[in-house]
Number of protein chains: 2
Amino acid sequence: MQQLIDYIEQFVRLDSETVAKLIKLAEKETYTKKQHILQQGQRCNKIWFLTKGMVRKYYLSEGKEITIWIHTGNETFTSLQSYAQNMPAEEYLQACEDTEVISITRSNSEKLAHYPQIAAFVNAMMGREFANIDRHSRELSQRDARGKYEYLSKIAPEVVKRAKLGHIASLLGISQETLCRIRRG
Amino acid sequence: MQQLIDYIEQFVRLDSETVAKLIKLAEKETYTKKQHILQQGQRCNKIWFLTKGMVRKYYLSEGKEITIWIHTGNETFTSLQSYAQNMPAEEYLQACEDTEVISITRSNSEKLAHYPQIAAFVNAMMGREFANIDRHSRELSQRDARGKYEYLSKIAPEVVKRAKLGHIASLLGISQETLCRIRRG
DNA sequence: GCCATTTTTTGACATAGATCAAAGAAATCC
DNA sequence: GGATTTCTTTGATCTATGTCAAAAAATGGC
């Protein structure tokens with residue numbers, strides 16, 4: 001839980017009352033390797049914060065898994081489309097290792113939003129996430145296979161270190177054979 | 001101005017007081033073809049709503065213009081990174097035709113945010129935009145050249161009709177020769 | 001510890017799409 | 001309205017990367 005508080009305090013200072021409320025409304029969850037945190041078709045009504053392990057976001061396209069992103073630590077994640085617009089999720093969230101997260105439901109999140117520090121944090125965090133997705137998709141769409149891999153290595157070294165080759169290749173939009181050859185040198 | 005009000009009312013109902021305030025704090029701007037609305041390096045402190053014309057968002061990479069998106073009507077746009085985090089913009093915003101927009105400065109936007117309908121609108125709109133960017137970058141990264149073009153034709157037919165071939169090709173991340181050949185059939 | 005399954009590596013081959021160059025069209029400018 | 005610049009089209013290569021197939025390595029189950 002301290003990890004989440006530290007993360008939030010990167011953005012805003014928290015007073016003890018707000019911290020107490022947060023602890024009350026957040027829940028710890030654990031998942032084993034390969035377990036799904038969210039399945040396609042479910043309505044996603046939580047935001048998670050990853051404290052340990054690794055989580056992969058992917059969807060199915062013509063039967064094949066397309067990896068969208070891999071989270072490795074101290075990050076929030078959710079199916080934004082589903083959470084924000086209360087629609088069935090298009091993607092899966094799956095633990096790639098034994099994983100621990102802190103979850104906050106939408107209704108608890110709404111309660112917390114009355115605390116101005118939390119509201120400010122959510123705005124700042126969302127703004128940053130938005131900008132990140134924007135930049136990453138831009139960078140990954142412009143570079144060749146090696147450039148994509150180098151970019152990912154720079155911004156997400158843990159992913160490159162811990163995730164499976166096939167998942168990384170899919171995330172980069174290249175074949176795993178090509179990624180293997182890039183790594184060979 | 002009515003166009004902006006109609007747009008907002010897709011998301012929330014507005015009462016007459018809120019409308020009056022909005023009209024007071026929003027400004028009309030016009031740009032001629034090729035004129036820049038925002039230059040790289042500037043701090044972007046406005047959100048715009050496009051009422052007429054066409055606006056291209058692009059950045060420079062090794063001296064070459066990379067088109068990020070092209071707006072054709074009844075859409076909001078800004079340099080989100082710059083606006084939200086008060087940083088120098090990485091991208092340019094340029095009118096591709098004679099263009100009319102409605103602008104709202106950050107400070108006026110903050111005043112308007114006290115009106116709950118406006119705050120709700122901004123949240124809903126941001127959520128939708130976020131989900132759109134997310135989906136588009138996913139779709140465009142997975143398809144081959146023809147598939148990318150067909151996807152763009154479906155979601156943004158006006159762009160495909162009115163924008164220059166080279167700009168469309170750049171937006172899709174393909175060469176203009178390839179796009180030309182795709183169009184030929 | 002051994003067998004089954006999954007993942008990674010390697011090689012051979014095919015091809016979509018990039019690049020280069022030059023001609024043809026269209027837009028823009030006094 | 002002719003000249004100049006910009007944009008689009010076409011053709012001829014060239015290359016990065018995908019696909020297929022099969023071996024090697026790693027992982028997991030019991």
Side-chain angles (χ1 to χ4, degrees), chain A residues 31-36 53-54 56 58 60-67 70 72 92 94-99 139-153 158-185, chain B residues 31-36 53-54 56 58 60-67 70 72 92 94-99 139-153 158-185:
Chain A
Y31 296 90
T32 58
K33 190 167 176 172
K34 298 209 174 161
Q35 202 181 349
H36 279 97
M54 179 155 63
R56 179 171 70 109
Y58 71 93
L60 292 179
S61 172
E62 293 158 25
K64 276 173 34 186
E65 295 183 358
I66 313 285
T67 296
I70 298 168
T72 49
Y92 297 82
Q94 184 185 38
C96 306
E97 301 173 348
D98 291 346
T99 289
E139 295 279 354
L140 292 177
S141 73
Q142 277 306 125
R143 298 166 181 251
D144 65 9
R146 165 163 267 114
K148 288 178 192 186
Y149 181 68
E150 284 167 358
Y151 177 71
L152 188 69
S153 303
E158 281 298 306
V159 171
V160 161
K161 221 175 287 169
R162 284 155 57 194
K164 284 203 282 212
L165 182 111
H167 293 164
I168 298 170
S170 171
L171 165 54
L172 295 175
I174 65 180
S175 72
Q176 60 175 5
E177 292 92 333
T178 295
L179 179 52
C180 180
R181 286 172 182 124
I182 286 168
R183 281 187 158 170
R184 192 178 49 187
Chain B
Y31 295 89
T32 59
K33 190 168 176 171
K34 299 210 173 159
Q35 201 182 347
H36 280 95
M54 180 155 62
R56 179 171 69 109
Y58 70 93
L60 292 178
S61 171
E62 294 159 26
K64 275 173 34 185
E65 295 183 357
I66 312 286
T67 296
I70 298 168
T72 51
Y92 296 82
Q94 184 185 38
C96 306
E97 301 172 348
D98 292 344
T99 289
E139 295 280 354
L140 291 177
S141 72
Q142 278 304 125
R143 297 164 181 253
D144 65 8
R146 164 163 268 114
K148 289 178 191 184
Y149 181 68
E150 284 167 358
Y151 177 70
L152 189 68
S153 303
E158 281 298 307
V159 170
V160 161
K161 222 176 287 172
R162 284 155 57 194
K164 283 201 281 210
L165 182 110
H167 292 163
I168 298 170
S170 171
L171 165 54
L172 296 176
I174 64 180
S175 73
Q176 60 175 5
E177 292 92 334
T178 294
L179 179 52
C180 180
R181 287 172 183 125
I182 286 168
R183 280 187 158 171
R184 191 177 48 187

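Letters A, B, ... mirror the listed sequences (proteins, then strands); counts begin at 1.
Regarding B/Asp144, its CG atom lies at a distance of 15 Å from the C1' atom of D/dT19, rounded to whole Å. In this structure, CG of A/Leu165 is placed 9 Å from C1' of C/dT9, rounded to the nearest angstrom. The distance from atom CG of A/Leu172 to atom P of D/dG18 is 10 Å, rounded to the nearest whole Å. One atom, CG of A/Leu179, and another, P of D/dT17, lie 12 Å apart when rounded to the nearest Å. Summarising the geometry, the separation between CD1 on B/Ile174 and P on C/dA18 is reported as 7 Å, rounded to the nearest angstrom. Residue B/Lys33 contributes atom NZ, which lies 13 Å from atom C1' of D/dT5 at whole-angstrom precision. Rounding to whole angstrom units, CD1 of residue A/Ile168 and C1' of C/dT9 are separated by 15 Å. What separates CD of A/Glu97 from P of D/dG28 is a distance of 11 Å, to the nearest Å.
Set against D/dT6, C/dT8, D/dT10, the side chain of B/Lys164 has D/dT6 as its closest nucleotide. Closest contact between the side chain of B/Cys180 and the listed nucleotides C/dT9, D/dT6, D/dT10 involves D/dT10. Closest approach to the B/Gln176 side chain among C/dG11, D/dT8, D/dT10 is made by D/dT8 (side chain taken as heavy atoms from C-beta onward).
At C/dG17, none of the side-chain N or O atoms of B/Ser175 fall inside 4.0 Å of OP1 or OP2 (strictly under the cut-off). Residue A/Arg181 places no side-chain N or O under 4.0 Å from the OP1 or OP2 atom of C/dT10.
Relative orientation of the A/Tyr92 and A/Tyr58 rings is parallel, given thresholds of 30° and 60° on the angle between their planes.
Salt bridge annotation for A/Arg56-A/Glu65: present, with a cationic side-chain nitrogen under 4.0 angstrom from a carboxylate oxygen.
The closest donor-acceptor contact from the side chain of A/Asp98 to the backbone of A/Lys33 lies under 3.5 Å. One N or O on the side chain of B/Arg162 and one on the backbone of B/Gly53 form a donor-acceptor pair closer than 3.5 Å.
The nearest heavy atom of DNA chain C to B/Ile182 and to B/Lys34 marks one nucleotide each, and the one closer to the 5' end goes with B/Ile182. With the nearest nucleotide of DNA chain D identified for both A/Arg143 and B/Ala163, B/Ala163 has the one nearer the 5' end.
Residue A/Gly173 is classed as a sugar-phosphate contact, given heavy-atom separations below 4.0 Å to backbone atoms only.
Contact of A/Glu177 with D/dC20 (side chain to base): a donor-acceptor pair of N or O atoms is detected under 3.5 Å.
For the residue pair A/Thr178 and A/Ser175, the shortest heavy atom distance occurs at OG1-OG, 3.0 Å.
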